[in-house]
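Everything on this sheet refers to the single structure shown next.
Numbering starts at 1 and runs along the sequence shown.
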Amino acid sequence: MAAVLALSPAAPGAMIEDPADVHGPLDLRQVNLVQRLHGIVLKFDFVGPLPGRDLDPTPDHNTRAPGYMCAVLGPAGSGREKRLCLGRSGRRPWTVGVQTLGSSRRVIHQGTLKPRTVHASSTSVRAFFSRRKAMLALGRYHIHADSVWSGHDCPKACRDRAPNSRPVSFELVGKRVVGCRDRGIGAVRSGPARPKRIALTFDDGPSDYTAAVISELAHGGAHGTFFEVGQEIPGREAVMRSAIAHRDELGDHSMHHIFLPSQADIAETARRIKDATGFRPCLFRPPYGAYDSQEVVAARAEGMSSVLWDVDPSDWSRPGESAIYQRVVDNAQPGAIVIMHDGGGDRSETVAALPRIIATLKARGYRLVTVSKLLHQPFVYRLAR
């Protein structure tokens, strides 16, 4: 029976024929290994029938019966391989066996995990499981599939491999945030008091100070939200992508920082943010905090909540590092949204005040999160292709 190995996402829809197969119940027809956002799908299609057949999820070189079926992933440039096997015994549930093989293909570490879902028939088994629990690192792999079985047609053992010749290239990639699910909050000045969280926000960037703000947040184990002015984006796309990479959030602050910008203005700023980073904002901050019902409706039409603030150290006026620090920590309370600035002028005092602000708030038991996290708006992720 000809077997096919189909792999995704590195080679979506790719099929490799395996013409020189033996015959028997575990003669492979097709093997699929697909990366999903939250895990891995591994599916074996074979001649069958499978009912009543035990399969070893953690086979070794001495396995002859009852048999096994595994996908073998060899990281590029590494002598070690990972073997993922689907197995069961009797009426016990299906498990995923995870083995690390040394240079001689001997097992040097192994374990099993419970798949999130399993679908089995007489001629196929499909399992969905966590990539992290399977201890699969991101990166490029060479992959093939093996099956071994015994029975009346194979008194000793029969073996199948797909493909028979060179393995197929496959890449596991990370996930990236592409937006968030707007909960239709409207206009908001603060978040819920529980759990104990505060959102640090920064307006009028991106600018030459944005990278320093991102660095201080990352060093302090905090996350922030940057409300971007559209006209400031060209030439600063890299620092915006850096904010996303550090799990900070980007919001819309209009194209030119004018009073009551139009819906078209808000939409154009969001488009520039997405074009620069791949992230579609779901938060809008009206310039100067000026808004009316039409402004809120315009933002809502673009899928954004309007975000104001309830703690303002007036760092834009450059009152000094100590004043900025004191005004923030003296007025902080659970659910607070703090407004500061990373653009629109000299923001060195804000950058200098950040380490102490972060340290003090964390010492008081606060988690410093993005606005969407504060408002319980979940982020949307995609695989980073």
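The backbone N or O of Ile244 sits nowhere less than 3.5 Å from a side-chain atom of Arg247 that would complete a donor-acceptor pair. Listed for the Thr360 side chain is a donor-acceptor partner under 3.5 Å among the backbone atoms of Arg356. The main-chain N or O of Val329 is found under 3.5 Å from a side-chain atom of Arg364 such that the two form a donor-acceptor pair. With Arg161 contributing its side chain and Pro163 its backbone, the two residues share a donor-acceptor pair below 3.5 Å. The backbone N or O of Glu268 lies less than 3.5 Å from no partner atom in the side chain of Arg272, so there is not a single donor-acceptor pair. Formation of a donor-acceptor pair under 3.5 Å by the Glu171 side chain with backbone atoms of Tyr141 is not found in this model. The backbone N or O of Thr225 lies less than 3.5 Å from no partner atom in the side chain of Asp248, so there is not a single donor-acceptor pair. Side-chain atoms of Ser215 do not come within 3.5 Å of backbone N or O of Ala211 as any donor-acceptor pair. Looking at His223, its side chain does come within 3.5 Å of a backbone N or O of His246 through a donor-acceptor pair.
Atoms CG and CG, from Asn32 and Leu42 in turn, are 8.5 Å apart once rounded to the nearest 0.5 Å. In this structure, CD on Gln326 lies 10.0 Å from CG on Asn331, to the nearest 0.5 angstrom. Rounded to the nearest 0.5 Å, atoms CD1 (Ile185) and CZ (Arg300) are 9.0 Å apart. Atom CD1 of residue Ile233 and atom CG of residue Asp275 lie 9.0 Å apart, to the nearest 0.5 angstrom. The CE atom of Met340 sits 16.0 Å away from atom CH2 of Trp316, with the distance rounded to the nearest 0.5 Å. Taking CD from Glu232 and CG from Asp204, the interatomic distance works out to 8.5 Å, rounded to the nearest 0.5 Å.
Using modelled atom types, one finds no donor on one side chain facing an acceptor on the other under 3.5 Å when comparing Ser207 with Asp342. Side-chain polar atoms of His253 and Glu228 form no donor-acceptor pair below 3.5 angstrom. No donor-acceptor contact under 3.5 angstrom links the side chains of Ser314 and Ser317, judged on distance only. In this model, a donor atom of one side chain and an acceptor atom of the other lie less than 3.5 Å apart for Thr201 and Arg285. A donor and an acceptor atom, one from each side chain of His341 and Asp203, are nowhere located under 3.5 Å apart. No hydrogens or angles considered: a donor-acceptor pair under 3.5 Å links the side chains of Thr100 and Lys82. With no hydrogens or angles considered, a side-chain donor-acceptor pair links Asp310 and Gln333 at under 3.5 Å. Counted by atom type alone, Asp160 and Ser147 present zero donor-acceptor pairs between their side chains at under 3.5 Å. In the model, Asp146 has no side-chain atom that pairs as donor or acceptor with a side-chain atom of Tyr68 under 3.5 Å.
Annotation: side chain of Cys282 is in contact with side chain of Ser372 (closest heavy-atom distance under 4.5 Å). Contact check for Trp149 versus Pro25: side-chain heavy atoms found under the 4.5 Å cut-off. With a 4.5 Å cut-off on side-chain heavy atoms, Tyr366 and Arg197 do not count as touching. The shortest side-chain heavy-atom distance between Pro261 and Glu295 falls under the 4.5 Å cut-off. For the pair Leu136/Leu84, a side-chain contact is recorded, criterion being any heavy-atom separation below 4.5 Å from C-beta on. Between Arg271 and Thr269 there is no side-chain heavy-atom pair separated by less than 4.5 Å. You'll find the side chain of Leu50 stays beyond 4.5 Å of the side chain of Thr123, heavy atoms only.
Residues Lys362 and Gly221 come closest through the heavy atom pair NZ-O, 3.7 Å. Counting all heavy atoms, side chain and backbone alike, Arg327 lies closest to Pro313 at NH1-O, 2.8 Å. In plain terms, the two heavy atoms of Gly74 and Glu81 that are nearest each other are CA-CG, 4.1 Å. Between Val371 and Ala199, the shortest heavy-atom distance links the atoms CG2-CB, 3.9 Å. Taking each heavy atom of Lys43 and Ser124 in turn, the nearest pair found is CE-CB, 4.1 Å. Here the closest heavy-atom approach between residue Glu349 and residue Pro319 is recorded as OE1-N, 3.4 Å.
Enclosure of atom CZ in Arg132 is not indicated, since only 12 or fewer non-hydrogen atoms of other residues, nucleotides or ligands lie within 6.0 angstrom. In the displayed structure, His376 atom NE2 is contacted under 6.0 Å by more than 12 heavy atoms of other residues, nucleotides or ligands. Atom NZ of Lys114 has 12 or fewer neighbouring heavy atoms from other residues, nucleotides or ligands inside a 6.0 Å radius.
Taking a cutoff of 4.0 Å between a charged side-chain nitrogen and a carboxylate oxygen, Arg106 and Asp60 do not qualify as a salt bridge. Between Arg241 and Glu237, none of the side-chain N atoms (NZ, or NE/NH1/NH2) sits under 4.0 Å from a carboxylate O, so this pair counts as no salt bridge. With salt bridges taken as basic N to acidic carboxylate O contacts below 4.0 Å, one links Arg280 and Glu302.
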- Query: Are His256 and Asp265 close enough, and set up right, to give a side-chain contact (heavy atoms from CB on, under 4.5 Å), and what steps lead you there?
  - Reply: CA-CA 9 Å; His256 306 290; Asp265 182 297; 4.3 Å; yes
- Item | Full working for ring pair (Phe, Tyr, Trp, His ring centres under 6.0 Å) between Phe202 and Phe226 | CA-CA 5 Å; Phe202 304 88; Phe226 294 84; 5.3 Å; yes
- Message: Does Val148 form a side-chain contact (heavy atoms from CB on, under 4.5 Å) with Leu26? I'd like the steps, not just the answer.
- Response: CA-CA 7 Å; Val148 170; Leu26 293 187; over 6 Å; no
- Message: One pair to check against salt bridge (Lys or Arg N to Asp or Glu O under 4.0 Å): Asp346 and Arg318. What are the steps and the verdict?
- Response: CA-CA 8 Å; Asp346 182 348; Arg318 302 189 65 211; 3.2 Å; yes
- Task: Starting from the C-alpha separation in whole Å, work towards a yes-or-no answer on side-chain contact (heavy atoms from CB on, under 4.5 Å) for Val107 and Arg83.
- Result: CA-CA 9 Å; Val107 176; Arg83 186 156 60 184; 3.9 Å; yes
- Task: Would you sort out whether Asp252 and Phe227 count as a side-chain contact (heavy atoms from CB on, under 4.5 Å), showing the intermediate values?
- Result: CA-CA 5 Å; Asp252 188 319; Phe227 288 96; 5.9 Å; no
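Linking Ile, Leu, Val, Met, Phe, Trp and Tyr whenever their side-chain heavy atoms come within less than 4.5 Å puts Leu217 and Leu368 in one cluster. Criterion: ILVMFWY side-chain heavy atoms under 4.5 Å apart, direct or through other members. Under it, Leu250 and Val177 are part of a common hydrophobic cluster. Connection of Phe279 to Ile214 is established within a shared hydrophobic cluster, with ILVMFWY side chains joined at heavy-atom distances below 4.5 Å, either directly or through further cluster members. Linking Ile, Leu, Val, Met, Phe, Trp and Tyr residues whenever their side-chain heavy atoms come within less than 4.5 Å leaves Met255 and Phe259 in two separate clusters. Following chains of ILVMFWY side-chain contacts shorter than 4.5 Å, one can reach Val118 starting from Leu113, so the two form part of one hydrophobic cluster.
Shown here are the ring pair (Phe, Tyr, Trp, His ring centres under 6.0 Å) partners of Phe129, two or more places apart in sequence or in another chain: there are none.
In this structure, Tyr288 and His257 have perpendicular ring planes: the angle between them is above 60°, well past the 30° mark.
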